[in-house]
Amino acid sequence: MPTPLHGHFDYLPPAQGPLPPVGARVRVPFGRRRIVGLVVGHGQGSALPNARLKRIEAVLDETPLLDAPLLNLLRWAADYYHHPLGEVISAALPQTLRQGKLAIARGIERYHVTESGRTIAPDGLTRAPRQASVLRRLQANPEGITLEQLREGQDTDPRAALRALIDKGLVERHHRPCLEPPRDERPDAPALNAAQQAAISSITESLGGFTCHLLEGVTGSGKTEVYLHAIEQVLERGLQSLVLVPEIALTPQLLERFRQRLATPIAVLHSSLSDGERHCAWLSARSGEAGVIIGTRSAVFAPWARPGLIIVDEEHDASLKQQEGFRYHARDLAVMRGHREAVPVVLGSATPSLESLGNVERGQYRRIELPARAGGAVAPRLKVLDVRQQFMDEGLSTALLDAMQRHLDADGQVLLFLNRRGFSPALICHDCGWVADCHRCDARMTWHACARLLRCHHCGHETGLPARCPSCGSPLAPRGQGTERIEQALHKHFPQYPAIRIDRDSTRRKGSLESALAGVREGRYRILVGTQMLAKGHDFPNVTLAAILDADQGLFSVDFRAVERLAQTIIQVAGRSGRALRAGEVLIQTHQPDHPLLSSLLGGGYRAFARTALAERREATLPPYASLALLRAEAVDAQTPLAFLEQARDHLQTLSLPGIHPWGPAPAPMERRAGRYRAHLLLHAPRRQDLQRALGPWLTELARLPGARQVRWSIDVDPADLT
DNA sequence: AGCACGCCGACT
DNA sequence: GTCGGCGTGCTC
């Protein structure tokens, strides 16, 4: 049942008809509601007396919706992450199927205006206001919209009006099959280098059994080409491939490349699909009609008929770990799924996670390297800019400004990376020191000059700009740089070179990211400034200079993974430059030019950094040389969460489990967030099995602790983010 | 999570 | 006298 309750619920078989098989959905009475559940087992008796059992009211699937291997994977995941099975199953199903819609893919119906419907004035329909309103919506979307979209923001059923409009010949209904059919013509594949060929044979030779390959290739080394060839081999064997990518990388360009090259329908699963589209795509993955399933994190639970190959692209990417509710890691589950279903798994990255490198070290994963940049492109040169005691204009050092001028004058494009949205991360009073704080979080408000408001990036709270300092009445000044402010500074320094900002704020409108990227590719913009969005997934072949404006942020975090993320970001940003035949240049502004991380990264690249970082992790017995689980608690006051976690820690000690060390409890790094106080208790275990053995019994008891009712608490196994 | 029950405060 | 605030308890 889709509830946050552990365990299962027993029901009597339906009054008539066959017993629903394991993996089928049923509609059952549950409390005062009737909801959809999934059959996870059959039994002869129940722990409850028969009189208290209710009866299954309807069987929604004659055959299992989830096959045994997938359901067993979900069981394993529920167990490993200590999350209720009902919610795990919910996470694996599209909303339509969760709600009981039949498992039939009918394709997608779209409505659009006819030639006469396009030109007629809707105001003419004075006696039919609903038809007029529907007609207006359709005229605004001449390419057609679905019934679902038409219903949005409307409480009346538009179907009657649609029917009337169709009868009048103003509107037509069009049926689109669920999957785009494969293209008739495919372009020739580019020539492969020796490393790519070796990678492809290594993968294809492992088909039919489980092997985990770590495909390590710098940006531009042609990883995607390796994926495409491996997928073609899988298709030739009549099998399906499952491809996981970060949200940000699942762009129309990537899909277009897959569609051009692969002779199979492709099922796409990601968050901006409509319910109908997701329903369709999911079922076509399940039926085997789609030879390739490509999607973000939750696609790791996509069903398939003929398992062939699993690919996880950008396996180091943080978006693969779900950060709330059921906190699973899609990469780890992909590996487990490959293992259980006996298919090879390919983890691809230019900057592999230290976890995966640890698995290579242990002999668990097989490493494949793609050293050269495909097409003979030259690797970029990385250089640290020591900005200590240097004059900085709006966060830009003179050395950086000079370099930018040089590259711009030589017809290159320049990319500036700053992981901070808004105009300035703080607004302060120069006279008395007053700072605009968020009143719900332990954080400063960020000043957004474009939107003219102060916004908290942690809870979303917004306020207007105070005209004067509320404390002393003096004028207020923005302090520190965000992308908006850099963009403004660029207009001042390089008025002759058009600049564009690319971040979550500037691309909020649908299609604006695509048009911005097109503008960059066509050379309409010469300077790009932006956040993570710029670092991932997009190719900018004419960028010859990339700069990280503030590397210091990543060097002093409380989270031991921050340096790993910084190193990955630097290499990913560097990968944006020098992709054509020109050598790129990468500049890193920092106040810590001698930091060992930066030295190893610059001296020996990501490999050298990873060696240093792994040695440090081993020394400190941190992952991948230990396992962690994080117990979080929050409440409206500061004391209750800490008190609960202390009880939890004390209880753990009474269980006297070997090999488990409680670290904490302690207030969370940002203690107050969205008006709630948060605290952490970290469990550290050198051996994963010890942690797994301990968590079950411990968590069962936690719910009974006296403090448990006063806090919101949750467990995060293998936490990725300790803040 | 949802949903209902139940017990206190402020409105017609 | 009723509406509605959220604490508490239950879901086979």
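Chain identifiers are assigned alphabetically (A, B, ...) following the order of the sequence lines, protein sequences preceding nucleic acid strands; residue numbering begins at 1 within each chain. Quick note: numbers below take in every heavy atom, side chains included, and nothing from hydrogens, waters or symmetry partners. Treat the numbers as computed from the prediction; the structure is a model and nothing was measured.
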Original post:
If you check the Arg32(A) side chain, which of dT11(C), dA1(B), dA4(B) turns out closest?
Top reply: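 Within the option list, the nearest is dA4(B).
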Just how far, in rounded Å, is [atom2] of [N] from [atom1] of [X]?
X	N	atom1	atom2	value
Phe30(A)	dG9(C)	CZ	C1'	13 Å
Leu5(A)	dG2(B)	CG	C1'	10 Å
Gln710(A)	dG7(C)	CD	C1'	12 Å
His6(A)	dT11(C)	NE2	P	17 Å
Phe9(A)	dG2(B)	CZ	P	14 Å
Leu38(A)	dC12(C)	CG	P	17 Å
Phe326(A)	dA1(B)	CZ	P	16 Å
Arg33(A)	dT11(C)	CZ	P	13 Å

We want to know whether [X] and [Y] form a side-chain donor-acceptor pair, criterion being a heavy-atom distance below 3.5 angstrom.
X	Y	value
Ser353(A)	Glu315(A)	yes
His651(A)	Gln647(A)	no
Asp10(A)	His8(A)	yes

May I ask you to say what [X] touches in the nucleic acid, namely base, sugar-phosphate or nothing, with a heavy-atom cut-off under 4.0 Å?
X	result
Tyr11(A)	sugar-phosphate
Leu12(A)	nothing
Pro29(A)	sugar-phosphate

**OP:** Please check if the distance between the ring centroids of His461(A) and His439(A) is under 6.0 Å.
**Re:** yes
**OP:** Verify the contact: side-chain N or O of Arg52(A) to OP1 or OP2 of dT11(C), cut-off strictly under 4.0 Å; return yes or no.
**Re:**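 Indeed, a polar side-chain atom of Arg52(A) lies that close.
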Subject >> Presence of Arg709(A) side-chain N/O under 4.0 Å of dG9(C) phosphate oxygens OP1/OP2 >> reply: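 The answer is yes; a side-chain N or O of Arg709(A) sits under 4.0 Å from OP1 or OP2.
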Original post:
Do Val300(A) and Tyr328(A) have side-chain heavy atoms sitting under 4.5 Å apart?
Top reply: yes
